[in-house]
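See structure below.
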Amino acid sequence: MDVFKTFALDIKAMLDRLSAAGELPAGLDSSKLTVEPPRDTSHGDLSTNAAMILARQVGRPPRELAERLVQELTRLPHVAAATVAGPGFVNLRLTTAFWQSCLADILTAGSRYGDGDAGRGIAVNIEYVSANPTGPLHAAHARGAVVGDALAALLEKAGYTVTREYYVNDAGAQVEVLARSAYLRYREALGEEIGEIPPGLYPGDYLKDVAVALVERDGRQWLEAAEAEWLPAIRDFAIAMIMDWVRADLAALGVGIQVYSSERALVASGAVATALQSLTDRNLIYRGVLEPPKGKKPDDWEPRPQLLFRATEFGDDVDRPLQKSDGSYTYFANDIAYHYDKFRRGSRVLIDVLGADHGGYVKRMQSATKAVTGGEGVLDCMICQLVHLMQDGHPVKMSKRAGTFVTLRDVIDQVGRDVVRFIMLTRRNDQTLEFDFAKVTEQSKDNPVFYVQYAHARCKSVLRHAAQTMPDADLSPAALARVAVERLNAPEELDVIKRMAAFPRTVEAAADAHEPHRIAFFLYDLAAAFHGLWNKGNDNATLRFLIADDPALTSARMVLVSAVATVIACGLAIMGVEPVEELRG
RNA sequence: GGAUCCGUAGCUCAGUUGGAUAGAGCGCUGCCCUCCGAAGGCAGAGGUCGCGCGUUCGAAUCGCGCCGGGUCCA
């Protein structure tokens with residue numbers, strides 16, 4: 001039910017007819033044909049570049065061709081007028097009746113409004129958060145969590161089949177550091193004086209909780225044990241406990257991870273060897289010596305043969321090591337195995353939502369994914385830039401060294417889940433984002449969360465009032481979908497309708513670009529249009545939604561109001577934000 | 001030094017995948033409202049889209065080279 005898509009198909013069919021009739025050459029390439037809303041609405045409702053992209057192929061000037069297309073386009077259903085503009089655009093104006101009919105479509109679709117099939121069921125795996133299991137989630141993790149989660153919902157709405165996944169880095173050096181840090185706290189919990197936490201170990205107080213729980217389970221049994229014995233046990237214990245916290249925090253944020261993948265289990269399963277074999281089969285692995293890093297002094301650099309992946313064949317700058325000098329696999333090798341595993345589980349499109357510190361990792365991982373899947377799998381890496389936490393315009397002080405950081409839970413407790421989720425989507429992911437605790441809870445127009453929620457609450461409030469003043473009227477969406485709406489023809493009303501009609505297109509474009517933030521901006525614009533219509537009622541009482549002596553008009557307006565509430569709720573659902581029914585009290 | 005992202009109004013940022021006269025919020029200026037349809041409304045000023053080449057019917061958008069900032073790597 002996407003207006004723009006429908007007309008694009010109509011126009012292509014029309015071109016085919018002209019070709020069949022011999023007026024246009026056969027085999028025209030119309031792949032670059034677009035039908036979109038013009039920037040300036042005074043130009044019309046729809047705009048197509050058909051004449052401009054075909055002019056050269058047809059061998060006629062764009063404007064002349066456009067004039068010819070206008071004659072045909074005027075005959076299409078719902079077209080009120082077609083005109084040529086600028087270098088050869090054809091602008092279409094649709095009938096008011098057509099726009100009015102969109103309201104019933106919205107109400108009939110309900111929460112499914114905007115659902116699309118562009119994804120054609122393609123399996124997509126979105127990996128996000130994936131914080132190391134060495135401590136509780138902190139505020140910085142919120143962004144990736146929300147972006148990943150919203151993108152997952154967005155892709156599902158656009159017809160993809162989505163797996164939401166978290167990669168637990170429970171193998172390697174940092175979890176051993178975790179084990180040692182926890183062991184120190186364990187001895188402390190048993191009465192030992194441990195003094196200051198040595199550098200290189202994790203200082204956070206949360207490990208005291210881990211230690212207490214460990215004492216409760218195991219008593220003093222590790223005190224005299226050798227490290228080789230206690231380390232694996234304490235490591236696994238600490239990881240399990242921290243991952244419980246992580247799951248609880250994500251639940252508090254409303255993030256619905258479906259699959260938690262363990263790096264340790266992956267490695268133990270032999271997946272690394274499988275992945276490397278796949279690369280070997282394609283002749284993409286060799287033993288060789290890397291050039292020293294360019295530019296900087298190679299102090300401790302010495303040439304030594306390593307197992308290397310031919311990343312340069314896929315656009316990377318250098319070939320990448322798969323094994324360290326001691327023969328163990330690099331993180332990169334494990335990551336290749338992991339991405340190959342996701343592919344083998346059925347996903348053809350892989351998306352990694354990553355933090356700003358992973359920028360340098362993108363090229364090599366994309367190269368490796370392409371290589372190990374034989375070109376059948378593609379990887380998109382979305383780098384989320386930093387979030388600057390502010391309080392009334394001043395940065396919130398945090399010190400990693402002192403172990404003081406703002407946890408994700410702190411943020412949720414302070415401003416609420418919905419505010420966190422909405423604000424995290426008010427910037428493109430590759431743009432840094434300011435998060436001001438004071439501003440995001442402010443009730444004013446420059447707070448997008450409030451502004452959008454207010455619009456939804458207003459709709460609901462009006463519907464409640466209508467139910468009171470017209471107790472006999474059936475205001476359910478199904479009933480409203482049958483109400484006559486010819487009298488909704490004020491320019492402001494039609495503007496709101498046209499914006500809502502563009503929602504399916506917005507969903508599809510946002511899904512295609514992997515840009516969930518577009519939904520937030522769409523909702524802000526729709527809310528602004530709706531508030532504008534509301535404000536018109538202050539100057540012009542005939543534009544108010546509730547007209548006491550005109551139940552027919554009031555009912556028609558309720559169709560519009562109900563549709564606005566529906567579309568806002570659809571958008572918020574993608575963002576994972578609960579629409580509010582009322583703001584006061 | 002290399003990689004990567006960013007650079008758009010005084011500030012914070014959008015910009016419909018290359019379209020027409022580049023938009024919003026805040027701030028500023030001027031009117032209006034301040035009778036719960038409360039948590040503001042209307043209008044106005046404000047721009048060399050970092051700079052320069054190139055690609056084409058057409059560039060904020062794509063390519064290359066600089067300049068500036070963030071992140072990463074050693």
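Reminder, nothing fancy here: chain letters follow the sequence lines and each chain counts from 1. All heavy atoms count here, side chains included; hydrogens, waters and symmetry mates do not.
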Taking [M] as the reference, what is the distance to [N] when you measure between their [atom1] atoms (whole Å, please)?
N: C51(B); M: A22(B); atom1: P; result: 16 Å
N: A60(B); M: C53(B); atom1: P; result: 14 Å
N: G10(B); M: C28(B); atom1: P; result: 16 Å
N: G50(B); M: A14(B); atom1: P; result: 14 Å
N: C49(B); M: G19(B); atom1: C1'; result: 16 Å
N: G46(B); M: C26(B); atom1: C1'; result: 14 Å
N: A20(B); M: G65(B); atom1: C1'; result: 31 Å
N: A24(B); M: A43(B); atom1: P; result: 10 Å

Item to check | Donor-acceptor pair present, Tyr524(A) side chain and A24(B) base, under 3.5 Å | outcome: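 Absent.
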Next on the checklist: Determine whether a donor-acceptor pair (one donor, one acceptor, N or O, separation below 3.5 Å) exists between the side chain of Asn49(A) and the base of A20(B).
Outcome noted: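 Counting by modelled atom types and ignoring angles, no donor-acceptor contact under 3.5 Å is found here.
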Item to check | Under 3.5 Å on both distances, the Watson-Crick or G-U partner of C64(B) | outcome: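 Checking every strand shown, C64(B) finds its partner in G52(B), with both distances under 3.5 Å.
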Next on the checklist: When both hydrogen-bonding distances must be under 3.5 Å and the geometry is Watson-Crick or G-U wobble, what is G27(B) paired with, if anything?
Outcome noted: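 Matched G27(B) with nothing under the 3.5 Å cut-off.
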[X] and [Y]: side-chain donor and acceptor closer than 3.5 Å?
X: Asn169(A); Y: Glu263(A); result: yes
X: Glu127(A); Y: Ser130(A); result: yes
X: Ser367(A); Y: Asp316(A); result: no
X: Asp29(A); Y: Ser31(A); result: yes

What's the [atom1]-[atom2] distance between [X] and [N], to the nearest Å?
X: Leu354(A); N: C73(B); atom1: CG; atom2: P; result: 14 Å
X: Arg458(A); N: C36(B); atom1: CZ; atom2: P; result: 14 Å
X: Glu36(A); N: G58(B); atom1: CD; atom2: P; result: 19 Å

Compare side-chain N and O positions of [X] against OP1 and OP2 of [N] and report whether any pair is under 4.0 Å apart.
X: Gln443(A); N: G40(B); answer: no
X: Arg364(A); N: U4(B); answer: no
X: His531(A); N: C42(B); answer: no
X: Lys32(A); N: G18(B); answer: no

Compare the minimum distances between each of [options] and the side chain of [X], then state the nucleotide with the smallest one.
X: Leu546(A); options: U17(B), G37(B), U4(B); value: G37(B)
X: Arg428(A); options: A20(B), G7(B), G40(B); value: G7(B)
X: Leu386(A); options: A20(B), U17(B), U71(B); value: U71(B)
X: Gln431(A); options: C13(B), G15(B), A20(B); value: C13(B)
X: Phe89(A); options: A20(B), U12(B), U71(B); value: A20(B)

Item to check | Residue whose closest nucleotide on RNA chain B lies nearer the 5' end, His514(A) versus Asp539(A) | outcome: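 First, find each residue's nearest nucleotide; the 5'-ward one identifies His514(A).
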Checklist entry - Between Leu433(A) and Asn535(A), which is nearer to the 5' end of RNA chain B once each is assigned its nearest nucleotide? => result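 The answer here is Leu433(A).
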Checklist entry - Do Pro37(A) and Phe4(A) have side chains that get closer than 4.5 Å, going by heavy atoms? => result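 Contact flag for Pro37(A)/Phe4(A) side chains = yes.
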Checklist entry - Phe521(A) stacking on A14(B): centroids under 5.5 Å, ring planes under 30°? => result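 Base of A14(B): not stacked against Phe521(A).
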Next on the checklist: What's Asp40(A) touching, base or sugar-phosphate or nothing? Going by heavy atoms closer than 4.0 Å.
Outcome noted: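 Answer is nothing: Asp40(A) stays at 4.0 Å or more from every strand.
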Checklist entry - Reckon Thr432(A) touches a base, only the sugar-phosphate, or nothing at all at heavy-atom distances under 4.0 Å? => result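 Sugar-phosphate contact only - Thr432(A) comes under 4.0 Å of backbone atoms but never of a base.
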Checklist entry - Mind checking whether Phe530(A) and Trp534(A) have parallel, tilted or perpendicular rings, split at 30° and 60°? => result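 Aromatic pair Phe530(A)/Trp534(A) classed tilted.
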